[in-house]
Amino acid sequence: MALFSILLALTLVSQTGAFDLGQSTRCVPIPHQLIVCHDVGYSEMRLPNLLGHSSLEGEVVPRSNDWRSLLQTGCHPQAQAFLCSLIAPVCLDTFIQPCRSLCVAVRDSCAPVLACHGHSWPEALDCNRFPAQEDMCLTPLPKHIGSFPKDFPQPACQSCPPVEEMPSLKTVMDALCLNDFAVKAKLFRHRLPSADPELGVEGKVEFIERGPLLPYSAAQLLQQWLLLNLRCAHAMVRPGRAQLYLLTGRARADGTVSITHLFPWLKKDMHIVTAARKWKQHKC
């Protein structure tokens, strides 16, 4: 779903006014169709929810699907817990809201994803609406658990890199020389919506030049880059078809990595194969 749909849904919620925590509610099973909240650790939710939705089929399920693309970016380890506490609040004697500190943590990590698509953090999720005292609300995890290590590379939000078909040998060698890493990876895009992320990496990532990338997380990093830079990814990868690429990129001062060139790895293109073979002995 487009992130614009998220903002539209939340705008409609904000126009209805603040949710009344004292109003009558009922407990209902979390429906199978509510995919984003399947594995939250409880099976029943309150209706109306904290976004004011009172109908499962008409509001909760269809609007929850709008969040899927944001959650799939992995923008914050507690993004799902935060959103599901609003979409599908646990059925207890009282509402358990997210703490203001949790909202701030998720906002600070996930707002850049929205900004990458040209949107700001929705007013309906203004963190000031949530309790500041952390005694009866959902708190953030300790920083050493809920955050990524400082040296763990993250994808950059960027303008789309050029896709160069049938490049010359010099073009490929120059790209390898001028960048920090180069990998061979097969990128895919699902044809139909599913519970799995729309875009990803098929099989293993092969390193031509490892640079700042970590072997065990390179595929995940590339997938996060695709999900963050959706406009670029949709132009690069056709639905239902995997495409093999040589990708080059750089590490930025802020700890993020950007993709600088994409070369479709075609069987008939011997220049890419030759460049990859010669690279280890090449002097830039």
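Side chains of Asn179 and Glu209: no donor on one and acceptor on the other come within 3.5 Å. In summary, the side chains of Gln33 and His38 do not present any donor paired with an acceptor at a separation below 3.5 Å, with no hydrogens or angles considered. Using a 3.5 Å distance cut-off with no hydrogens or angles, the side chains of Ser258 and Arg250 do not pair a donor with an acceptor. Counting only N and O atoms by type, the side chains of Glu134 and Ser101 include a donor and acceptor under 3.5 Å apart.
Considering only heavy atoms from C-beta on, Pro48 comes within 4.5 Å of Thr25 through its side chain. Between Phe181 and Pro212, the closest side-chain pair of non-hydrogen atoms falls below 4.5 Å. Counting heavy atoms from C-beta on, the side chains of Leu228 and Pro112 never come closer than 4.5 Å. Taking 4.5 Å as the limit, some side-chain heavy atom of Leu50 sits within range of a side-chain heavy atom of Gln97. Side-chain atoms of Leu199 and Leu187, non-hydrogen and from C-beta on, never get closer than 4.5 Å to each other. Here the side chains of Lys184 and Val205 are not in contact, with every heavy-atom distance at 4.5 Å or above. Taking 4.5 Å as the limit, some side-chain heavy atom of Met45 sits within range of a side-chain heavy atom of Leu34.
Of the candidates Cys127, Ser85, Cys84, Pro98 forms a side-chain contact (heavy atoms from CB on, under 4.5 Å) with just one, namely Ser85.
Gln72 contributes atom CD, which lies 12.0 Å from atom CG of Leu226 (distance to the nearest 0.5 angstrom). Expressed to the nearest 0.5 Å, how far CG of Leu47 lies from CD of Glu59 amounts to 9.0 Å. Atom-to-atom distance recorded for Arg252:CZ and Gln158:CD is 6.0 Å, nearest 0.5 angstrom.
Ile208 and Val257 fall into different hydrophobic clusters, where Ile, Leu, Val, Met, Phe, Trp and Tyr side chains are chained together by heavy-atom contacts under 4.5 Å.
Ring orientation note: the planes of Phe188 and His190 are nearly perpendicular, at an angle over 60° on the 30°/60° scale.
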